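Working notes, structure below.
Within every chain, numbering begins at 1; the chains are lettered A, B, ... in the order of the sequence lines, protein sequences first and strands thereafter. Computed from a predicted model, the values in this text were never measured in an experiment.
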2 protein chains.
Amino acid sequence: MKEGPDIALIGSLIGDPARANMLTTLMTGKALTASELAAEAGITAQTASSHLSKLEVAGLLTQRKQGRHRYFALADDEVGNLLEAMMGLAAKRGHMRARTGPRDPALRKARVCYNHLAGDYGVRMFDSMVARDFLAEEGEEIFLTEEGEGFVGELGIALPDLEKSRRPLCRSCLDWSERRTHLAGALGTGLLDRFYDLGWAHRIEGSRVVSFTSEGERRFRECFPEA
Amino acid sequence: MKEGPDIALIGSLIGDPARANMLTTLMTGKALTASELAAEAGITAQTASSHLSKLEVAGLLTQRKQGRHRYFALADDEVGNLLEAMMGLAAKRGHMRARTGPRDPALRKARVCYNHLAGDYGVRMFDSMVARDFLAEEGEEIFLTEEGEGFVGELGIALPDLEKSRRPLCRSCLDWSERRTHLAGALGTGLLDRFYDLGWAHRIEGSRVVSFTSEGERRFRECFPEA
DNA sequence: TTCATACTTCGATCATAACCGAAGCATGAA
DNA sequence: TTCATGCTTCGGTTATGATCGAAGTATGAA
């Protein structure tokens, strides 16, 4: 009986893992750029672009152009509610995401979260800097203290350059593997870039894994002692 | 690469047109055999068998063997509510199936939503009961008030029986055609069953339409006056 | 201007899964 | 027993769509 609305269309849109990842990420309510969503879903920009346009045409996402960026967000509350309902059902049935793969342990240890360090190392760095009062938390906001400015300066980071960009210097980001906060923002990006420059670590091609050299690992642990 | 429930699995299951047809058909609340569902979806028995086993493994359907037949039904209310929510979103976005037949107006007027009354009449009943303080809303939760207990008692509903079940007595459900709340839960089911028993209405075979007799319609309007 | 970034479009590859024919199993009837 | 029905399993075909490389467009920065 072909009566009523077409749920298969919406189902198939949510049914693709890459799109489901994007939608889940957007459940935070924050609008994200196409590249951020691509990184989150673990796909290239081309593929993400195709997915995002499908989701927008179907009315699940809205798009806002801002300069070179395109920010995507869930179209409205109803979409969020539907996703929430699906998560509820999935959780009840025990359908958790499969997370078994050879790359997985490396991903949990250290990976890029769009442009900054995440995973165990990302959280460790953040905690260590907070413990030594280099970073101060005020609610959602995070500030670099005066001592912190000295610290990152010694590391060889040019703060004035970072402050020139319109991005906030410090932002918090929630880690899916650790379920704790790590450092994002211009400083988060700056620190990771500095680790690359210092030769402590490098990106694994075609993956989000950040691989530390043994020397780099030693220096990193020295630099960010556990609290 | 995210933590949390796997909505993609459920989405992809609902996302196949053949399976979506089967699930929509089962929204009538009646258990149907594998062959009936195959015919409904327009596929062969082999293909249907494969679909049905996937849906059962995922926990969306339950199966009951009876002789040579296998009867399938939606696993529980939550599945029905999710499907209804998806229909709501699809309808709002204009994603209707190609063939919207003459039965459509009847569907909007009164239909079963898995096991309770939906459509114009479902919303009217809910609104009327809220307006007279028979039902009280507290955020997402809905309660039957003391006056409400008296009211449904007069209608001939045995509350103790309903309360024995583990299902919540009252739950809200979003209506895709009216875009408003109607009553689900054990009481929602109980009320619809009572309308059948009283001869006010009956199900149209092979459809979700609930057809009221002219006498039944009169009594229903009397019983649930518009606010 | 030139260069870099952010994103899209095109084209081709490739993996998944929907599908059905044929055969097999289980139940019930004759 | 034999036959019919309801459903499942197996095997092979086919269509869909997810993916990425390469190239193109648009915006902003130098």
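For A/F151, the ring pair (Phe, Tyr, Trp, His ring centres under 6.0 Å) partners two or more places apart in sequence, or in a different chain, are A/F134, A/F224. By the salt bridge (charged side-chain N to carboxylate O under 4.0 Å, His left out) test, A/E217 pairs with A/K109, A/R221, sequence neighbours left out. Remark: B/K164 pairs with B/D161 by the salt bridge (charged side-chain N to carboxylate O under 4.0 Å, His left out) rule, at least two apart or across chains. Checked against ring pair (Phe, Tyr, Trp, His ring centres under 6.0 Å), A/F195 has the following partners two or more places apart in sequence or in another chain: A/W200, A/F220. Partners of B/H116 by ring pair (Phe, Tyr, Trp, His ring centres under 6.0 Å), not counting sequence neighbours, listed by chain and number: B/H182.
The side chain of A/K54 contributes no N or O atom lying less than 4.0 Å from OP1 or OP2 of D/dG17. Regarding contacts with the backbone of D/dA29, every side-chain N or O of A/R68 stays at 4.0 angstrom or more from both OP1 and OP2. The phosphate of D/dT19 (OP1 or OP2) has a side-chain N or O of A/H51 nearer than 4.0 angstrom.
For the pair A/I43 CD1 and D/dC20 C1', the computed distance is 11 Å after rounding to whole Å. Taking atom CG of residue B/L13 and atom C1' of nucleotide C/dA18, one finds them 13 Å apart after rounding to whole Å. Atom NE2 of B/H69 and atom P of C/dA29 are 10 Å apart (whole Å). Rounded to an integer number of Å, the gap from B/L37 CG to D/dT8 P is 11 Å. In this structure, A/L52 atom CG and D/dT19 atom P are separated by 12 Å, rounded to whole Å. Going from atom CD of B/Q66 over to atom P of C/dG28 covers 10 Å, rounded to whole Å. Between the CG atom of A/D16 and the P atom of D/dT16 there is a distance of 17 Å, rounded to whole Å. For A/L55 and D/dA18, the CG to C1' distance is 13 Å, given to the nearest whole Å.
Toward the 5' end of DNA chain D, the nearer of the two residues A/R70 and A/T44, judged by each one's closest nucleotide, is A/T44. Between B/T33 and A/K65, the one whose closest nucleotide on DNA chain D sits nearer the 5' end is B/T33.
Salt-bridge annotation for B/R108 and B/D120: absent, with no side-chain N of the basic residue lying under 4.0 Å from a carboxylate O of the acidic one.
Note that CD of A/E40 and CG of A/L23 are 12.0 Å apart. Values are rounded to the nearest 0.5 Å.
Contact annotation for A/A48: no contact, since no heavy-atom pair falls under 4.0 Å across all strands.
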Produce a footprint string for nucleotides 9-16 of chain C: one letter per nucleotide, 5' end first; B if the base is under 4.0 Å from any protein heavy atom, S if only the sugar-phosphate is, - if neither. B-------
